[in-house]
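Each remark here refers to the structure printed beneath this line.
As the structure is a prediction and not an experimental result, all values here were calculated from the model. Chain A is the first sequence line, chain B the second, and so forth, proteins listed ahead of strands; every chain is numbered from 1. Below, each value reflects all heavy atoms present in this structure, side chains not excepted, and no hydrogens, waters or symmetry copies.
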There are 2 protein chains.
Amino acid sequence: MVCVSSQQLAERVSHVTTRLARMLRQQDEGELTLTFRAALATIERRGPLTLGDLAAIEHMAPPTVTKVVTQLDERGLIQRTIDPDDRRVTRVSVSPAGAALLAADRKRRTEWLAGELRRLSADERERLAAAVEVLEGLTSTEMQRA
Amino acid sequence: MVCVSSQQLAERVSHVTTRLARMLRQQDEGELTLTFRAALATIERRGPLTLGDLAAIEHMAPPTVTKVVTQLDERGLIQRTIDPDDRRVTRVSVSPAGAALLAADRKRRTEWLAGELRRLSADERERLAAAVEVLEGLTSTEMQRA
DNA sequence: TATTGTTATACTCTATAACTATA
DNA sequence: TATAGTTATAGAGTATAACAATA
């Protein structure tokens, strides 16, 4: 195995991430954009979450979270509740409609990428899966595991 | 090793890519944004390129390429030449200033991610490097190799 | 008529600064 | 005064549609 410089690896990760994100947005045929889907998936998996929690997990600025959550709410995909003990705090969780959409969208959404992945060898897929775990760790926060 | 479904893997790749791209843009301290840096790096590595070539390699729509190239040119980072045999065609290559900026920017730019990667084990870095190659293949086009 | 690239336009994603409501 | 979230605003990134220039 080649000796991997963190510097060079970082550049390649950065470049391929930029390009892949662009391609994923282009291919996007689902009901939800990448950003909304990521937020909703996190709310489903980790909810109920305060908006601050969601901001920390997804590494979004608070106003971005406000916007995303407002739109998800308008579409009936989440439920919002105000904490009775601290009325500044809002918690969100996925609604039945949101869970249904997420499930339905799952197929359509990743159709292109899943198709590409199917053309890889099993070995390549495993390498990718191993690396995805590394990246997931990198994009995690302490808060997230709490 | 776990059996990896392409469907599930695609979802995880998609989510982590979205989030990582957001984080990279936030951390971005360099002179060039992610998009400009990716385009300039490709021009350096593969140039001279026609704008159509660049569009194909980076999976950008033609108007996006026009905008990026115009700005890179205004900053003196690339050279543009019109093909004398077919005056519709423009070719771009990196200028000395562009190459210099790319080299200088390289450090600053990926500082955050490189730092994170340094905290990984050598094994994790190698897994990541292996996967980056897979992803690079996925985001390549036939044209690119020609 | 087909191809290369550009212009006009608009939408998504995202942030920073200033604010409101609550504690 | 400090914190959770919102509003106002702006900029980056990107695409589609219509166009111009050249072949």
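- A donor-acceptor pair under 3.5 Å links the side-chain atoms of B:His59 to the main chain of B:Thr139, judged by distance alone.
- The nucleotide whose nearest atom lies closest to any side-chain atom of A:Arg87 is, among D:dT14, C:dT14, C:dA23, C:dA23.
- The CG atom of A:Leu49 sits 15 Å away from the C1' atom of D:dG5 (whole-angstrom rounding).
- Side-chain heavy atoms closer than 4.5 Å link hydrophobic residues (I, L, V, M, F, W, Y) into clusters, and following such links, even through other members, never connects B:Val89 to B:Met60.
- Rounding to whole angstrom units, CG of residue B:Leu32 and P of D:dA12 are separated by 13 Å.
- Side-chain N or O atoms of A:Gln7 include one that pairs as donor or acceptor with a backbone N or O of B:Arg106 at under 3.5 Å.
- Annotation for B:Glu58 and B:Ala38: closest pair OE2-O, 3.7 Å, computed over non-hydrogen atoms.
- Summarising the geometry of A:Pro48 relative to A:Arg91, their closest heavy-atom pair is CB-CD, 4.3 Å, with the distance given to 0.1 Å.
- Atom CZ in B:Arg75 sits roughly 11 Å away from atom P in D:dA12 (whole-Å rounding).
- Remark: C1' of D:dT14 and CG of B:Leu34 are 14 Å apart, rounded to the nearest angstrom.
- With rounding to whole Å, B:Gln26 atom CD is found 9 Å from C:dT14 atom P.
- B:Leu24 places its CG atom 12 Å from the P atom of C:dT14, with the value rounded to the nearest Å.
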- Message: At under 4.0 Å between heavy atoms, how does the protein contact nucleotides 3-12 of chain C? Give one character per nucleotide, 5' to 3', with B, S or -.
- Response: BSSBB-BB--
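- Rounded to an integer number of Å, the gap from A:Glu58 CD to C:dC13 P is 13 Å.
- Rounded to whole angstrom, the span from the CZ atom of A:Arg22 across to the P atom of D:dA15 amounts to 7 Å.
- Nearest heavy atoms, A:Gly76 versus A:Ala97: O-CB, 3.7 Å.
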